[in-house]
> 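Below you will find the structure I want to go over with you.
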Amino acid sequence: MKLSSWGRLSDDNYPATVLSREIGNQQLTPSDNGETSIVYGMGRSYGDVCLNPGGGVYLSNGLDRLCSFDATSGELICEAGVLLKDIQTLFSAKGWMLPVTPGTQYVTVGGAVANDVHGKNHHSHGCFSSHINWIRLARTDREDFVCSPTKEASWFNATTGGLGLTGIIKEVSLNLRRVSSCWLDTETLTYSSLAEFSQISKDSEDDWEYTVSWIDCNSRKHNRGIFIRANHSQSGAESTPTKSRLRVPLVPPLSLVNRMTLTAFNQAYFLSQKQKSGMGKSHYQSYFYPLDGILDWNRMYGPKGFYQYQLVVPYESGMPAIKAILHEIAVSGQGSFLSVLKTFGDAPSPGLLSFPMEGLTLALDFPNRGDITLQLFRRIDAIVAEAGGRLYPAKDARMPAELFTAGYPHLPEFLLYRDPGLSSGFSKRVMGW
Amino acid sequence: MKRFIIIGATSSIAEHCARLWIAEAPINLTLVGRDASRTKSIADDLKVRSPGSAITVVSGNLVEPESIQRLVNQILKDGNADCALIAHGSLADQSACQQDLALTAEELSINGISPVLFAEAIANSMVRAGHGTLGVIGSVAGDRGRKSNYVYGAGKGLVARYAQGLQHRLAGTGVTVTLIKPGPTRTPMTAHLGDSGPSLADVAKVAATIVSGMEKRRNVVYAPRRWWVIMMIIRHLPRFIFNKMDI
Ligand SMILES: Cc1cc2nc3c(=O)[nH]c(=O)nc-3n(C[C@H](O)[C@H](O)[C@H](O)COP(=O)(O)OP(=O)(O)OC[C@H]3O[C@@H](n4cnc5c(N)ncnc54)[C@H](O)[C@@H]3O)c2cc1C
Ligand SMILES: NC(=O)c1ccc[n+]([C@@H]2O[C@H](COP(=O)([O-])OP(=O)(O)OC[C@H]3O[C@@H](n4cnc5c(N)ncnc54)[C@H](OP(=O)(O)O)[C@@H]3O)[C@@H](O)[C@H]2O)c1
C-alpha cells in the first residue's frame, strides 16, 4: 500500500496489515526476514515517525471502537484508531471535550499518545498524556498488558511520546473534561516585537486557557504577529456553524508557496486579522483546527512536498534564539505562510521522549527546495542546540542524530523499552535501528 | 423508538450502517451475530455513541435452517422491525471450492440460502405489520458469473433473484425490499487481497450510500453508485469479449 506522511516527502509502497482487536502477539511477530513494522495512524505527522522504508506498517484503522464512557467522571475508554474528530463531535454535544487537542482533529488517539501531542492550552492543561488513565499495549515479544502512571509506570512513561516504538497501543482510557460551551470567547491582539509577544503571553497565562500566535517570518524589519487568546464561553448550547468544505483538488506541478506568494499572503493575513482585533466568538472547530477547513491543503506545496520545523527552547535563552532564527529565515526568503509561536508552561510531561518543555515553541513550514532548505535547517539547528532546545519528532524528517540525542536526555532509559519488532524511518535515522 | 435488526452484525459494512442510524436518533436495535463476544463489542461501541438507544445482542448459528428459525422467533417475539439489514457473507476461495464440494455447499449456504431464509421470515413479519424496510446485501459479483469467483457470485445471484421475486410479491404494500450490491470495499473480508486486488472503496462511504438508498426505499442500491454503470456494461458485454477477459 502506498503511504505518505503529511509532508508528502516520500510515497513508498509498504506491506500493510490492518490491526484488529483480536490480533495477538503471535500475529505481530517480526517477519522471518527480520523485517520490522511501525503503526501508521492518520499519517498527520509531517516526517517519518509513521513511515518505515524497507519495512512494513500496521494500520490502526481497524481499531476504531469506543468501549465505554462514564458520564459522571468523564472517563472514555476507546481503541487506539479512534479519531479525535469523532470524540470531539460526539461528546461536545453532551458538554464534554478532550482536554488537550492538537491543531488538527484528523488524528488518532494512538498517534496523539505516541507523539504526546500538545494544544493551545499547554500552560493550563499540559500534554495529551497528562489526561490518560491507562494504555493497553501489545508487543511483538510478549502478551498484551496495561500500563498506567501507577502500574508498570516505566512502560507508561516510555510509551507516551514513545513514537510507536515501545509496542502497539490498542486501547486507551482517557479523561474528557466538562466544557461550558463549544464556543470560545476570543480576543485578538497584534504585536510588533518579540518583547511585546512575551508580555502578552505572560499577561494571558492566568486568565486565558488557550493562547496561540501567528508570526510573520518574512518580515525583516520587525517581528510582527497576531496573538489570539480564548476561553470557553459561559453560555450553553448554540448552533454549530455550517462547515465550509474546501479541498485542494490536485497536486500542482510546482509549489504554490514561493517568495512572492508568501509575502503577499502574510501581508494580507496580517492586515485582515488586524482588522478583526478585539473581542470575538469562535466555534471550537475554527479556533482549534483552522486548517481542517481546507482538505488536503498539504498538496499546495507541489510534488516535492514540504518540511515542518518545530522547535522548543527554554525561556532564559529563548528570546534571542527565536529572534536569530526568524532573522535567518527572513534572510533566506524561505519559510511559511503561517508560523506559529507559543509558550509551553511548566507542566511536566510524563513521557521520556515527550517534546514539550517549559519555554518557547516555534513551528514553521518550508517548501522542499532540496539542498538550500536543508542548509537553512542546519543553521537553525545550531541556534536551537546552542540555546539548549530540541526539535519535535512528529514534525521532523531530517534532524541529525546528535541533535536528537542532545535534546532528549532520557533517550538511554527509553531504549530499554523498545519493541524489537518495531522501527520507523525516524528510529533508523536518529537511533540507528 | 424505531426498531432495527441487523443480521450478521459484525460485518464492517453493517457496523458502519448502524453508526449512521444511531447518529440520527436513538433507536431500538437488535444485533444478531454468530459470535456473542464480537457482537457485544459492537453493541458497546454503539451504546457509547448513543446512550439513549436500546441495544440487544442475540447470537447463534446463522446457517442451519432450524437455528435461523429459532433466532427469528426470538427476535420477532417483541414485535416487528421497521428496518432490517441482512449483511453476513463470506468471500469464498474459488479455487478451493473447485476442489471441495462440501466447501462449495457451505459457501452457497452462507452467501445464498441463509440470507434468503432470514429475509423470508422477516418479510413475513413486516407484511403482517403492514410496513418495513428490508435490506439484503448481495454483491456486484452476483450480476454476472466469472471464473475468479463464481461460487460466491452464484450465492449472491441467488439473493438477487430472490429479492426480485419478493419485490414483485410485495409491490404496492408498505414493505420495501432493497437489494444492496456493494463493489469492492475495504473491510476485513477484503483485507487479504492486498495491492494486487481491486481498488477498494471506503466502508463509511459505502454505508452512507446504503443507508440513504434504504431510506429512499430504492429497489436496488449499488455502493459506490458508479458500480451501476460498470455492471451494466459488464452484464451486456458480448460473450466472445467477456470470455477473453481475465477477471
Ligand atoms: C495541520 C496539523 C496541525 C498539527 N498541530 C499540532 C499541534 O498543535 N500539536 C501537536 O502536538 N501536534 C500537531 N500536529 C501533529 C500531529 O498531531 C501528530 O503528528 C499526531 O501524532 C498525528 O497522529 P496520527 O494519528 O496521524 O499518527 P501518525 O502520524 O500516523 O503516527 C504518529 C506516531 O504515532 C505512532 N502511532 C500511531 N498509532 C499508534 C498505535 N496505535 N500504537 C503505537 N503507535 C502508534 C506512529 O507509529 C508514529 O510514531 C499537527 C499536524 C497537522 C497536520
Ligand atoms: N467488502 C466487500 O468488498 C464486499 C463487496 C460486495 C459485497 N460484500 C458483502 O457485504 C456483506 C458484508 O461484508 P463486509 O465487507 O462487511 O465483510 P466483513 O466485515 O468481513 O463481514 C462479514 C460478515 O459475515 C459473517 N460471516 C462470515 N462467514 C459466516 C458464517 N459462516 N456464518 C455466520 N456469519 C458469517 C461475519 O461474521 P464474523 O464476524 O463472526 O466472522 C461478518 O459478520 C457480505 O454479505 C459481503 O458478501 C462485501
> Indicate yes or no: does A:Asp64 engage B:Arg19 in a salt bridge with an N to O separation below 4.0 Å.
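Here A:Asp64 pairs with B:Arg19 in a salt bridge, since their nearest N and O are under 4.0 Å apart.
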> To the nearest 0.5 Å, what is the distance between CG on B:Asp45 and SG on A:Cys67?
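It is 7.5 Å, given to the nearest 0.5 Å.
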> Counting only non-hydrogen atoms closer than 4.5 Å, does B:Leu46 touch chain A with its backbone (N, CA, C, O), its side chain (CB onward), both, or neither?
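For B:Leu46, there is no contact with chain A at all, as no heavy atom is under 4.5 Å.
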> A:Glu22 versus chain B, heavy atoms under 4.5 Å apart: side chain, backbone, both or neither?
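When you check distances to chain B, only side chain atoms of A:Glu22 fall under 4.5 Å.
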> Mark yes when over 12 heavy atoms from residues, nucleotides or ligands other than A:Trp297 sit less than 6.0 Å from its CH2; otherwise mark no.
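Count over threshold, so yes.
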> Mind checking the CG-CZ spacing from A:Asp86 to B:Arg49? Nearest 0.5 Å is all I need.
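Those atoms lie 6.0 Å apart.
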> What residue, out of B:Glu15, B:Arg186, B:Lys47, has the most heavy-atom pairs lying under 4.5 Å from chain A?
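Among the listed options, the one with the most contacts to chain A is B:Glu15.
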> CD1 of B:Ile42 to CZ of A:Arg65: how many Å apart, nearest 0.5 Å?
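The CZ atom of A:Arg65 is 4.0 Å from CD1 of B:Ile42, to the nearest 0.5 Å.
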> More than 12 non-hydrogen atoms from neighbouring residues, nucleotides or ligands closer than 6.0 Å to NZ on A:Lys428, yes or no?
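For A:Lys428, atom NZ is crowded (more than 12 foreign heavy atoms under 6.0 Å).
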> Taking all heavy atoms of B:Val48 and all of A:Leu90, pick out the closest pair and write down the distance.
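For B:Val48 versus A:Leu90, the nearest heavy atoms are O-CD2, 4.3 Å.
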> Measure the shortest side-chain to side-chain distance between B:Pro51 and A:Lys94 over non-hydrogen atoms and say whether it is less than 4.5 angstrom.
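Yes, their side chains come closer than 4.5 Å.
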> Distance only, no hydrogens: is a donor on one side chain within 3.5 Å (strictly under) of an acceptor on the other, for B:Ser41 and A:Arg21?
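A:Arg21 and B:Ser41 do not have a side-chain donor-acceptor pair below 3.5 Å.
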